[in-house]
Structures are given as structure tokens and as C-alpha cells.
Amino acid sequence: MLTVVGRDGSPLAEAARAALDSAALVIGEARLLDALPLPPDAKRIATDDVVGALRGVDVTDQDVVLVVDGDPGHFGVLRPLLEDGQGPETFPAAPLVARAFAQAGLPWDDALVVSARDGHLRQAVNACRAHPKVAVLTGPGAGPAELARALFPVTPRSFVVCEDLDGPGERVVYVRPAEATTRPWNEPDVVLVLDNRRALGESCWISGTAPGPAGWALPSDAFGDGAGPRPEVRAFVLARLGPRVGDMVWDVESGDGSVGVECARFGAAVVAVDRDYATCERIRENVRLHGVKVAMASGDVRSTADHLPRPDAVFLGPGVAGAEAVRVCAALGPSRLVAVAPGDGAAGEMLDALAESGFAAAAVRLQASPLDAPPEEPVIVVWGERGVPSAGRRPPRAGRPIDTTPALPAEPDEPDEPDGPDESGESSKSN
């Protein structure tokens, strides 16, 4: 029989103690096995890879116990065990995240919990950019220093670094990101990344981040003078961008920041880029109006792109749309790119640029007008996705009719981790 016992520093429950008393084999990290009451003839295996150590062990004719930290069902071993065909009896302890927030004296029903392990540091960083209260489960190469380097100096956050919670080496340290990049850390378990202004949060009925905004493709008057894409166009743009928690989205010259604001409402991290000072002020006002987090970079995207966080999705508004801007943004490896084209010729050139950069590309003309108003001019939207089969279609060149057959949706490729992204903050200027 296989049993999983969670530890959190508190006395073991009677059922967990009974499982250990009858165990023939006990597997766990050395620090968790210390001082455990085990029968003298039980075999111990001290390892950081308890699932790997269990493979090849017959649990049908002996009692085997895995000892883990906290709750094995919360970013723990229960999932891989079930995937391996095991069905263990489980005695959980308090999760690491619950213990970390208890140390910080904060409620965590409104906290976003993410894991930076196994190559997910970039998504964890984007979640910290977009959300005021995030618990980050750490791992080798994805600890406090790496988080801090990505967030500092632009994103104002405080860190609560928790090491060996409830163990003999327990240390809970409150630091600013700048300090976190230089201090030595001893295998931290979890880092709380907090916006101190909103760390208490609000009471809610759902744990963690909400599933999405109550409404989207907001009316034009929700963004001041409505200088950006019309709601019907914006709805299509958002559908192709697919913003989600962990994504970094660029809103480049949408005119009013409406695309970026709506992406932020879906939980994505967002940078808005515009060359016009008055437009930047309009965007900041719309960001404040809707209570979201959007960083503002002033300048031409073609010269500022290398100084911004690596994007997962990019929107190019009509003010900047062109083959050159498409190539610059596509070279940074986003999974999705959407642009408004000023005409058929420009759309054809942008389609070619996307295809040359490895995207499956398509375009569509959109026209939507109120029934009681004269028809408005159609808008051409071009988009590209990586990893989508093109079915042998060549994108049209300039001067040829635009193929409006929609591309098939697909899971985006995982972009490479950027080296030291420099987020723009409130005002990043480029010559």
C-alpha cells in the first residue's frame, strides 16, 4: 500500500503516524525524514525526487510511505503519482503558501499562486507584474534573485522570502527586489510578491484570480473620446491575441490604450507603447479609470522594442502598422501578432512579413455599423500565429486580393526566456 504524508512542523495526525509505524519503506527529503518516528526495520531513502525513487518499487506487497512538504495535492507529488497509475492514501499538512501568508499576517483567498519551476519563471514574472498579491513557488534557477532581476527597478513590489518553513533552518525575510538580487538564499520554498498598496486585497467569493472580466469589447465611450479601435474590431483583435494570466502583451499605438486595458482585465501583463505625448496621457487616464496595471513606454516601437519585456502577443495599431514594425516585433518571438492595416497593399506586405517570420497568417475586412447610422469604412485586420498549419496557402503579396480565410487556432509555442528584461514603467523614452 502507498501512503503520502505531508509535514508542516506540527505533530503528525494519528492516521499518518500509524502509516509510518507499519511502513517497510519510507521515501522523502532528508530534512523531512529527520526525527520521524519510524520502526527500526524500515528502510529509508533520502532523495529530492520521491516520485523517481518510487518507480520500480512494488507497493502491493509492502507498505510504502512518501514524506513530502505540506499538501501533496497543491503543486505537489499527487498529480505525477496519479499519472503513473498510483492511487495513494493521502494525509496532507498545511500548504506552503498558507504557511507563508500566515508568516506575513495576510489573508490569501485573493492571492494568485504560481510556480516558477520547470521553466515557468517568465510566466511567473508576468503574473507578478500584473497582480498585486502573488505567491511564487520557487526552484533552482527560479528563486528570489531571478524574480527580482526581472521585476526591478520598474515594478514596485515587496518580497517575503520563506526558507525551510517550520524546519530547523526556517527564515522569513522581508526585502525589496533590489536587495533580493544580491542576498544569498538557502533553497527558498516560496516568495510572496506584494504590492504593498493593495496587499490586503478585497473579500471575494472565488479563490485566487477571477476567471475573467464580466464584459469585454467595452463601448468606445469607456475610453474617453474613442480614438482607438471600435468595439467590434476590438472584440476580434482580443480573440486573436488571446490574453491570459502569465502572458506579456504589447499594445502598440492603439490610440487610447483600449486593447491593453482589456488585455489587463483578462489578467495579462501589458506594456502600452506610443510616440505621442498626449496619447500617452490619455492611455494613463484610461488605465486609472479601469483600475488595471499597464506599463507605459513612450517612443517608436521599432527603436524601443529591445528595451521592453519579451512579448507573448503584440497588437499594432494603424498608426504604426507596416511591414517593418511587423518584422521588428515578430523577431522577438511572440506567439500571436495582430495588426490593423491602413490598406490592401500594406496588408499584403504585412502578411508576407509574417510568413517570412514563421507565422501562419491571414487577414479579414471587418465592417460593423449601427442600423440607424451610415455604413462605416471597413477595417482590415491582419494576424499571425506560430505553430498553425498554413494548409499550403501563400499569403497574398501587395496588390493581390486578401485571403480572408481565418487561420486555425493552436497552442502557442513557448518563447525563450529573455535575459534581463527592462520594463518601461511609467515613462520610458527613446530618441
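We're numbering straight along the sequence, starting at 1.
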*Any chance CD of E170 has more than 12 other-residue heavy atoms, nucleotides or ligands included, within less than 6.0 Å?*
yes
*Which atom of A268 lies closest to which atom of V249, heavy atoms considered*: CB-CG2, 4.0 Å
*Return the orientation label for the W216 and F266 ring planes: parallel under 30°, perpendicular over 60°, tilted otherwise.*
perpendicular
*Could you check if a side-chain atom of L332 sits within less than 4.5 angstrom of a side-chain atom of P311, using non-hydrogen atoms only?*
yes
*Whether N126 side chain and A269 backbone form a donor-acceptor pair below 3.5 Å*: no
*asked:* Test your reading of the model: is there a side-chain donor-acceptor pair from D189 to the backbone of D164, 3.5 Å cut-off?
replied: yes
*Determine, for R288 against E285, whether the closest basic-nitrogen to carboxylate-oxygen distance falls under 4.0 angstrom.*
yes
*Nearest heavy-atom pair of D247 and G242: which atoms, and what distance?*
OD2-O, 3.6 Å
*Report the C-alpha separation of D312 and R122 in whole Å, then their side-chain angles, then the decisive distance to 0.1 Å, and conclude whether the salt bridge (Lys or Arg N to Asp or Glu O under 4.0 Å) test is met.*
CA-CA 10 Å; D312 298 289; R122 186 169 176 275; 2.7 Å; yes
_Under the criterion side chain to side chain contact (heavy atoms under 4.5 Å, CB included), I'd like the reasoning laid out for V364 against W383: C-alpha separation, chi angles, the key distance, then a yes or no._
CA-CA 9 Å; V364 66; W383 74 92; 3.7 Å; yes
*Roughly how far, to the nearest 0.5 Å, is CZ of R31 from CG of L33?*
10.5 Å
_Pair V326, V382 - check side chain to side chain contact (heavy atoms under 4.5 Å, CB included), show working._
CA-CA 10 Å; V326 167; V382 177; over 6 Å; no
_Within-4.5 Å side-chain heavy-atom neighbours: L289 and F223_ = no
_Pair D251-C263, side chain to side chain contact (heavy atoms under 4.5 Å, CB included): steps then yes or no_ = CA-CA 9 Å; D251 174 3; C263 288; over 6 Å; no
_The test is side chain to side chain contact (heavy atoms under 4.5 Å, CB included); show your working for V190 and F75 and say whether it passes._
CA-CA 12 Å; V190 60; F75 289 97; over 6 Å; no
*Counting distance only, does the side-chain N/O of K133 pair as donor-acceptor with the main-chain N or O of A199 below 3.5 Å?*
yes
*Point-to-point distance, once rounded to the nearest 0.5 Å, from CD of Q123 to CE of M248*: 12.0 Å
*asked:* Donor-acceptor pair, distance only, cut-off 3.5 Å: does the side chain of D84 make one with the backbone of Q86?
replied: no
*Could you give the distance from OG (S254) to CZ (R282), rounded to the nearest 0.5 Å?*
9.5 Å
_Applying salt bridge (Lys or Arg N to Asp or Glu O under 4.0 Å) to D166 and R7, what does each step give before you reach the verdict?_
CA-CA 9 Å; D166 300 306; R7 295 200 67 186; over 6 Å; no
*How close do V328 and A305 get, heavy atom to heavy atom, and via which atoms?*
CG1-CB, 3.9 Å
*asked:* Quick check: do L241 and V259 have side-chain heavy atoms less than 4.5 Å from each other?
replied: yes
*asked:* Does R171, at its CZ atom, have more than 12 non-hydrogen atoms belonging to other residues, nucleotides or ligands within less than 6.0 Å?
replied: yes
*Look up atom CG in L165 and atom CG in D8, then write down how far apart they are to the nearest 0.5 Å.*
10.0 Å
_V160 side chain near V172 side chain, heavy-atom distance below 4.5 Å_ = yes
*Look at D195 together with R157 and state whether they make a salt bridge at an N to O cut-off of under 4.0 Å.*
yes
*Can you check whether A142's main-chain N or O pairs, donor with acceptor, with H120's side chain at less than 3.5 Å?*
no
*Output yes when E281 and R284 qualify as a salt bridge under the 4.0 Å nitrogen-oxygen rule, no when they do not.*
yes
*Do the side chains of S335 and E385 get nearer than 4.5 Å, heavy atoms only?*
no
*Donor-acceptor pair, S357 side chain versus F359 backbone, under 3.5 Å?*
no
*Say whether, by atom type as modelled, one donor and one acceptor occur between the side chain of W185 and the main chain of R183 under 3.5 angstrom.*
yes
*Less than 4.5 Å apart, any side-chain heavy atom of L12 and any of L36?*
yes
_R99 with D69: basic N within carboxylate O range, under 4.0 Å_ = yes
*asked:* Minimum heavy-atom separation for A104 and Y174, please, with both atom names.
replied: CA-OH, 3.4 Å
*Is any side-chain heavy atom of V271 closer than 4.5 Å to a side-chain heavy atom of P309?*
yes
_Expected output: side-chain R386 to main-chain P334 donor-acceptor under 3.5 Å_ = yes
_Using a 3.5 Å distance criterion without hydrogens, assess whether the side chain of E262 forms a donor-acceptor pair with backbone atoms of A217._
yes
*State whether a side-chain donor-acceptor pair under 3.5 Å links D49 with T47.*
no
_OG1 on T304 to CH2 on W250, rounded to 0.5 Å_ = 6.5 Å
*Any residue meeting side-chain hydrogen bond (donor to acceptor under 3.5 Å, both in side chains) with E324, in chain and number order, not counting sequence neighbours*: none
_Considering all heavy atoms, the nearest P229-D256 contact_ = CD-OD1, 4.4 Å
_Which residue is it: I283, L316, L308? I am looking for the one with a side-chain contact (heavy atoms from CB on, under 4.5 Å) to V273._
L308
*Are any non-hydrogen side-chain atoms of L54 and V59 less than 4.5 angstrom apart?*
yes
*Of the non-hydrogen atoms in V270 and A264, which two are nearest, and what is the gap between them?*
CG2-N, 3.7 Å
*Are the charged groups of D300 and R275 less than 4.0 angstrom apart, N to O?*
yes
*Which distance, rounded to the nearest 0.5 Å, do you find between the CG of D274 and the CD of E253?*
4.5 Å
*Among all residues two or more places apart in sequence or in another chain, which pass the ring pair (Phe, Tyr, Trp, His ring centres under 6.0 Å) test with H74?*
none
